> 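Before I ask anything, here is the structure I am working with.
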Amino acid sequence: MERALAGFLLAGAIAFAARTVRALSVGGAVAALVVGTAAAIAGWTWATVLIVFFVTSSALSRFKHAAREARIGGIVEKGNERDAFQVLANGGVFAGGAILAAGTGESAWAAAALGALAAATADTWATEVGTVSGGLPRSIISFKPLPAGTSGGVTVTGTLASILGAAFIASVSSFMGLGRASAAVFVGGVLGSLADSLIGGTIQERRWCDGCSEATERRTHYCGRATRVVGGVPGARNDFVNVVCTLVGAGVAAALAR
Ligand SMILES: [Zn+2]
């Protein structure tokens, strides 16, 4: 109970700071408060790995932010401020798994939670690094060149960043003593991020702005015009893809940890 209250206050302070520097929207800050408190209820080590994920990912988003915005601002669905759905899509599976791990003592739940976080980290690092590294993005499905920022597009640098991100969470969690399945967490993270690209390149909804004749993921283009769906499954948007990414990370890590 005391830990829940302390966790709530700590998560609140971090969410407030993140809101102040516009890393989170107001809704995103509330969602971060919920996810952070849940992690603290599971235990301080869980809260610590979550903070490590959040701080490194936010820092990477700030790195070369102007260059990224110029390259992909017209294409990507969401801006720099992470909103509530984004926070829950990236942290929800982790928080649920952490609470189940703490409640049951089952190592498979611990692996699932960490696999989900490794996948979210791998995907975030790949996006943040890949979109400013300058390499030519190619479709993970057809290998054809794609505009930077297009879902399903991968670069060599971005892929290396995703592998590093998964390895980073596997190492940090192992160092913190959260289970001994760091290889399973690493593989879960890499495969979760791979699933994100595969789904992003196939079933994720693709939209088009008739005014600018440009592909985009935004419902309203930067020109102000409403865009229309031209491919993929309507409604399968970025947050849905991120949830699948973390679920694949969780499932793979839990299966391998057994
Ligand atoms: Zn437009």
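Both counts, for ligands and for their atoms, begin at 1 and track the order of listing. Position 1 is the first residue of the sequence, and the numbers go up from there. Values in this document were obtained by computation on a predicted structure and should not be read as measured data.
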> Look at Asp210 together with Arg228 and state whether they make a salt bridge at an N to O cut-off of under 4.0 Å.
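A salt bridge is present here (some side-chain N lies under 4.0 Å from a carboxylate O).
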
> Considering all heavy atoms of both residues, which atom of Leu256 and which atom of Ala184 are nearest to each other, and what is their separation?
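Closest heavy-atom pair between Leu256 and Ala184: CB-CB, 3.7 Å.
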
> Strictly under 2.8 Å of the Zn ion (ligand 1): which protein N/O/S atoms qualify?
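Those protein N, O or S atoms (cut-off: under 2.8 Å from the Zn ion (ligand 1)) are Cys209 SG, Cys212 SG, His221 ND1, Cys223 SG.
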
> Could you please spell out the steps behind the side-chain contact (heavy atoms from CB on, under 4.5 Å) verdict for Thr124 and Leu60?
CA-CA 9 Å; Thr124 305; Leu60 269 184; over 6 Å; no

> Quick one: do the Thr216 and Arg207 side chains pair a donor with an acceptor below 3.5 Å?
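Per modelled atom types, Thr216 and Arg207 side chains form no pair under 3.5 Å.
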
> Sequence neighbours excluded, which residues qualify as side-chain hydrogen bond (donor to acceptor under 3.5 Å, both in side chains) partners of Arg237?
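Residues passing side-chain hydrogen bond (donor to acceptor under 3.5 Å, both in side chains) with Arg237: Glu77, Glu205.
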
> Please tell me whether Glu128 and Ser57 have a donor and an acceptor in their side chains that are separated by less than 3.5 angstrom.
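Result is no, nothing qualifies.
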
